[in-house]
Amino acid sequence: MSDDALTPGTLMTAELAEQPAVLARLAARHAADRDRVGAVLPGRLRSGRLAGTVLLARGSSDNVAVYGRYLIEMASRRPAGLAAPSVHTRYQAEVDYSGYLAVALSQSGATPEVVETAGYLRRSGAVVIGITNEPGSPLTQVCDLTLLTEAGPELAVPATKTVTAQLLAVAAVAAAYDPALVTAAALAALPGQAAALVADPGPAEAIAARWSDARRLVVTGRGLAYAAALETALKIKETVRVHAEGLSSADLLHGPIAALDSGLPVLLVSGGERFAADETALTARLCAEGVPYAVCGPGAAAGLPLPAGLSEVTAPILATIRGQQLALALSLRHGLNPDAPAGLSKVTATH
């Protein structure tokens with residue numbers, strides 16, 4: 001049967017459901033991946049000490065890079081940031097990356113802009129680690145080391161299993177600097193926690209029913225949760241044709257909150273105990289101003305619940321799964337086919 005004959009959402013649903021198995025494979029590999037990364041870090045593969053880390057990506061992979069930027073900077077205790085590919089592909093700036101680690105993320109390994117920039121960074125002195133789902137892809141040819149996510153073929157245009165696989169892979173890069181960052185207990189629990197979420201789409205379907213008429217959404221979070229907020233917003237834009245804006249909850253308070261009203265729902269992705277007081281204050285303000293909202297986090301009974309006692313490192317992975325479920329549910333409620341959103345393809349050829 002051709003993909004066109006499938007019921008809308010069949011592919012995305014199936015690939016979303018594969019995530020526990022994909023995460024289990026990566027969790028089992030974590031120590032080996034961490035040690036492989038450790039063997040090529042600046043100061044080992046090349047002379048000198050680590051100057052910093054730059055993460056290179058587009059699309060969903062760029063949201064993973066935001067997560068990696070937080071983790072790697074905390075673990076390495078050196079600055080980390082996101083690359084601006086146009087600096088190299090359009091402005092042709094000559095930048096010295098000696099002493100830098102570069103992490104290039106591309107699900108397909110074939111995004112021209114990412115491949116071209118990764119090659120430039122390596123020629124300019126960086127140690128380049130690639131994270132991709134495709135062995136033998138162009139990205140693998142320009143990297144010092146490649147971590148394959150081994151998520152299997154992904155046929156739906158919106159990325160699901162490749163995104164959460166990238167999140168766990170980039171956590172292994174950070175753990176090369178601080179092995180205690182990702183605990184054995186968190187890794188062991190993650191596949192089962194993901195399986196429980198995949199088996200429980202009801203909360204996402206309930207929110208989709210409440211917000212089915214919304215033409216705008218805000219998804220917000222802070223810290224590591226910010227990456228999950230950005231990815232959830234992107235998934236909604238891709239699959240629902242609704243403008244969903246991903247914002248840091250700190251940035252939300254610096255102006256954009258003035259635009260919120262009863263017709264602009266807000267999904268708050270919880271950042272955990274470190275941000276609990278801030279999140280309580282924000283939800284109280286939203287409630288007082290009549291803004292509909294839901295929370296994605298532990299104990300979120302009327303929102304998108306996550307298991308209690310989560311590791312800070314793995315919580316954004318599970319929140320991303322909840323965001324995928326919400327995008328899928330909203331798309332189907334709108335009568336759309338999330339497997340093949342109009343005007344989108346699996347590889348976006350930017351330069």
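Under a cut-off of 6.0 angstrom, the local environment of CZ in R241 is sparse, with at most 12 non-hydrogen atoms contributed by other residues, nucleotides or ligands. Residue Q92 places its CD atom among more than 12 non-hydrogen atoms of other residues, nucleotides or ligands, all under 6.0 Å distant.
The side-chain heavy atoms of L168 and L190, taken from C-beta on, include a pair separated by under 4.5 Å. Between L330 and V242, every side-chain heavy-atom pair lies at or beyond the 4.5 Å cut-off. Residues T164 and V22 form no side-chain contact, since every pair of their non-hydrogen atoms from C-beta on lies 4.5 Å or further apart.
If you run side chain to side chain contact (heavy atoms under 4.5 Å, CB included) between V128 and each of D144, T146, L101, only D144 comes through.
No side-chain donor-acceptor contact under 3.5 Å links Q19 and T160. Residues S61 and Q166 have side chains that bring a donor and an acceptor to within less than 3.5 angstrom of each other. Side chain to side chain, E73 and T53 fail the donor-acceptor criterion of an N or O pair below 3.5 Å.
Cluster partners of V266, using a side-chain heavy-atom cutoff of under 4.5 Å among ILVMFWY residues and allowing indirect links, are V218, L247, L252, L253, I257, L260, L264, L268, L282, L286, V291, Y293, V295.
A search for side-chain contact (heavy atoms from CB on, under 4.5 Å) contacts involving V142 returns V115, A118, L139, not counting sequence neighbours.
Here the CD-CG distance, from E289 to D261, works out to 10.0 Å after rounding to the nearest 0.5 Å. Note that the CD1 atom of I131 and the CG atom of L145 stand 9.0 Å from one another [nearest 0.5 Å].
The residues E113 and R58 are annotated as salt-bridged, a charged nitrogen and a carboxylate oxygen being separated by less than 4.0 angstrom. A salt bridge does not link R69 to D62: none of the charged nitrogens lies less than 4.0 Å from a carboxylate oxygen.
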Extract all donor-acceptor atom pairs below 3.5 Å that involve side chains of residues 178-187 and protein atoms in other chains or at least two apart in sequence.
{"from": "D178", "atom 1": "OD1", "to": "A180", "atom 2": "N", "distance (Å)": "3.2"}
{"from": "T183", "atom 1": "OG1", "to": "A186", "atom 2": "N", "distance (Å)": "3.0"}

